[in-house]
Amino acid sequence: MKLRDYLPPENIVLDLAPPSKAILIKQLSRLAAERLALDAGDLARVLTNRENLGSTGIGAGIAIPHAGISGIDRHFCLFARLAHPIDFEAVDDEPVDLVFLLLTPEGRPDHLNVLACIARCVRDEETAAAIRRATTPQDVYLWLCPVNA
């Protein structure tokens, strides 16, 4: 399983500047809704409900908000690097600046494999540092989805 199977280059956004987790969820929902022709409010509601179950901040400045969505037939991934880290109630209490949004078809059990794929990729310290230094979405994509991997 490769991250490039789920994350196209056009779904990499750099330097979003939300002041809070709630605003970030709304911004990510709006971006995803534009790409998927879905209602941004519905996406934000589902993602917020998932976050209310427990933070998707996995530590080391990384979060993977995710939810099952009706109306899509394939996994959808979007990556956002934040201009400034925000509190995300992560497991290590560290602020988050690298965020992967994962939307999966409702009821599909393989979303855990995609979550694990994302986590493995970005938990590598060298990769995370390079993503934080990158100046273009293409540079980020090359670190997240290397051609030779």
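Start at 1 with the first residue, then count along the sequence.
- Other residues, nucleotides and ligands contribute more than 12 heavy atoms inside 6.0 Å of the CD atom of Glu10.
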Subject >> Stepwise side-chain contact (heavy atoms from CB on, under 4.5 Å) test for Arg50 and Leu53 >> reply: CA-CA 5 Å; Arg50 168 56 191 88; Leu53 296 174; 4.0 Å; yes
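- Contacts of Phe79 classified as ring-ring contact (aromatic ring centres under 6.0 Å, His included), with partners at least two apart in sequence or in another chain: Phe100.
- Between Leu103 and Leu36, the shortest heavy-atom contact is CD1-CD1, 3.8 Å.
- Side-chain contact check for Pro18 versus Leu82: some heavy-atom pair is nearer than 4.5 Å.
- For the pair Cys145 and Leu7, the tightest heavy-atom approach, listed with the atom from each and the gap, is SG-O, 4.3 Å.
- Closest of all the heavy-atom pairs between Val122 and Ala128 is O-CB, 3.6 Å.
- Formation of a donor-acceptor pair under 3.5 Å by the Arg81 side chain with backbone atoms of Asp97 is not found in this model.
- Every side-chain contact (heavy atoms from CB on, under 4.5 Å) that Thr104 has, sequence neighbours left out, goes to His75, Leu102, His111.
- Residue Arg35 qualifies as enclosed at atom CZ: its count of foreign heavy atoms under 6.0 Å is above 12.
- Using a 4.5 Å cut-off on side-chain heavy atoms (C-beta onward), Cys77 and Asn11 make no contact.
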Can you list, pair by pair, the side-chain donor-acceptor contacts under 3.5 Å of residues 23-34, counting residues two or more places apart and other chains?
residue : atom : partner : partner atom : Å
Ser29   : OG   : Ile25   : O            : 2.7
Ser29   : OG   : Ala44   : N            : 3.2

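- Without hydrogens or angle criteria, Asp87 side chain to Lys21 main chain gives no donor-acceptor distance under 3.5 Å.
- In this structure a side-chain-to-backbone donor-acceptor pair under 3.5 Å is missing from Ser70 to Glu106.
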